[in-house]
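Here's the structure we're looking at; comments come further down.
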Amino acid sequence: MNDWKNELSDIISSKARSSRAQQENAVFEEFLDNVALPALKAVAEELRTRHERETQVRRAPASVTLNVRYEDSDEITFQIMKHFVQNGILPRAEVRLNRGQKMFKYAEMFRDDPQTYPISEVTSDDVIRTFLKFYRQTMDKNLRSTAD
């Protein structure tokens, strides 16, 4: 007879989990729109207007991507995506770098903490700082390969 009570509890707890997931997804989407997208648009504008790079910023349902090209080759693709951690969802950078004739892939969180910080602590400055870290690697390698 208690089977129906257990099933009822499962239904209710499932709904609570679903609501929490919906809230976490909404917070992540808000982060993309209000933090990540403006930061990457600012970087793209600077690269385009002052450094003669071709840039494209794309907003997808669960990510934002900045692609940078120079002289018909991709320099960097910098994408901000969901990363599931124990206490929710955090943004993570997934990066493809063109280094000479090879493409390298990296993934990195925006903070050094052991993923216990809230998404609200990730700022536009964090996004830009992480982009610059990886873009520097591309440029350092390109400078070395052209000097050879």
Side-chain angles (χ1 to χ4, degrees), residues 1-51 53-70 73-143:
M1 279 203 207
N2 285 339
D3 287 342
W4 71 267
K5 291 180 181 179
N6 290 335
E7 185 174 349
L8 181 61
S9 291
D10 286 345
I11 292 169
I12 291 172
S13 65
S14 174
K15 175 66 176 161
R17 283 192 304 273
S18 157
S19 296
R20 179 175 173 229
Q22 289 171 336
Q23 290 171 347
E24 289 171 352
N25 282 317
V27 168
F28 184 78
E29 294 293 325
E30 185 176 310
F31 165 82
L32 290 178
D33 290 335
N34 298 328
V35 177
L37 187 59
L40 293 184
K41 282 184 174 181
V43 170
E45 180 67 18
E46 183 71 8
L47 286 165
R48 191 172 38 256
T49 59
R50 293 194 48 193
H51 302 283
R53 291 330 196 243
E54 294 176 44
T55 61
Q56 182 180 29
V57 178
R58 291 183 314 274
R59 171 69 163 89
S63 67
V64 175
T65 305
L66 168 59
N67 184 272
V68 180
R69 294 178 54 84
Y70 184 66
S73 70
D74 288 331
E75 288 183 329
I76 186 171
T77 300
F78 186 87
Q79 186 171 40
I80 300 173
M81 302 180 69
K82 289 180 186 177
H83 181 70
F84 295 93
V85 294
Q86 185 174 2
N87 58 344
I89 299 171
L90 288 174
R92 178 173 78 174
E94 294 192 5
V95 185
R96 284 192 333 233
L97 300 177
N98 183 351
R99 300 182 74 185
Q101 299 299 318
K102 295 184 180 180
M103 293 294 283
F104 293 87
K105 292 183 180 182
Y106 301 91
E108 184 166 307
M109 301 300 289
F110 289 98
R111 293 283 178 102
D112 291 333
D113 303 3
Q115 302 178 18
T116 58
Y117 53 89
I119 193 171
S120 60
E121 288 183 9
V122 181
T123 66
S124 291
D125 288 341
D126 294 324
V127 171
I128 293 170
R129 183 174 34 257
T130 303
F131 173 83
L132 292 174
K133 171 187 172 181
F134 287 103
Y135 195 63
R136 178 175 286 114
Q137 290 179 23
T138 296
M139 297 312 291
D140 287 348
K141 177 62 178 175
N142 287 341
L143 290 174

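Here, residue 1 is the first one in the sequence, and each next residue gets the next number.
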Next item on the list: Please assess E94 against K105 for the test side chain to side chain contact (heavy atoms under 4.5 Å, CB included), listing each intermediate value before the final yes or no.
Entry: CA-CA 7 Å; E94 294 192 5; K105 292 183 180 182; over 6 Å; no

Next item on the list: Would you check, one step at a time, whether the test side chain to side chain contact (heavy atoms under 4.5 Å, CB included) holds for I89 with V27?
Entry: CA-CA 9 Å; I89 299 171; V27 168; over 6 Å; no

Item checked: Verdict with reasoning, Q137 to F104, per side chain to side chain contact (heavy atoms under 4.5 Å, CB included) -> CA-CA 11 Å; Q137 290 179 23; F104 293 87; over 6 Å; no

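Residues R129 and D126 meet the side-chain proximity criterion, which asks for heavy atoms closer than 4.5 Å. Side-chain atoms of F31 and V127, non-hydrogen and from C-beta on, do get closer than 4.5 Å to each other. The closest side-chain heavy-atom distance from D33 to R59 is below 4.5 Å. Annotation: side chain of M109 is in contact with side chain of Y117 (closest heavy-atom distance under 4.5 Å). Using a 4.5 Å cut-off on side-chain heavy atoms (C-beta onward), L8 and W4 make contact.
For the side chain to side chain contact (heavy atoms under 4.5 Å, CB included) with L66, the qualifying choice from L37, V57, I80 is V57, the only one to do so. Of the candidates E46, R48, R69, R48 is the only one forming a side chain to side chain donor-acceptor pair (under 3.5 Å) with T55.
Atom NZ of K41 sits in a sparse spot, with 12 or fewer heavy atoms from other residues, nucleotides or ligands closer than 6.0 Å. Summarising the local packing, CZ of R96 is surrounded by 12 or fewer heavy atoms from other residues, nucleotides or ligands at distances under 6.0 Å.
Ring geometry, F78 versus F110: the interplanar angle exceeds 60°, so the pair is classed perpendicular (tilted spans 30 to 60°). Classification of the Y135-F131 ring pair by plane angle, with boundaries at 30° and 60°, yields parallel.
Remark: the N6 side chain and the S9 side chain contain no N/O donor-acceptor pair separated by less than 3.5 Å.
Across all non-hydrogen atoms, the minimal contact from F134 to L97 is O-CD2, 3.5 Å. In plain terms, the two heavy atoms of I119 and P91 that are nearest each other are CG1-CD, 3.7 Å. When all heavy atoms of S63 and M81 are compared, the closest pair comes out as CB-CG, 4.0 Å. Minimum heavy-atom separation, G88 to E24: CA-OE2, 3.5 Å. Listed here is the closest heavy atom pair of P118 and L90: C-CD2, 4.0 Å.
A donor-acceptor contact shorter than 3.5 Å is absent between the side chain of R53 and the backbone of E75.
N67 contributes atom CG, which lies 6.5 Å from atom CD of Q56 (distance to the nearest 0.5 angstrom). Going from atom CD1 of I76 over to atom CE of M103 covers 9.0 Å, rounded to the nearest 0.5 Å.
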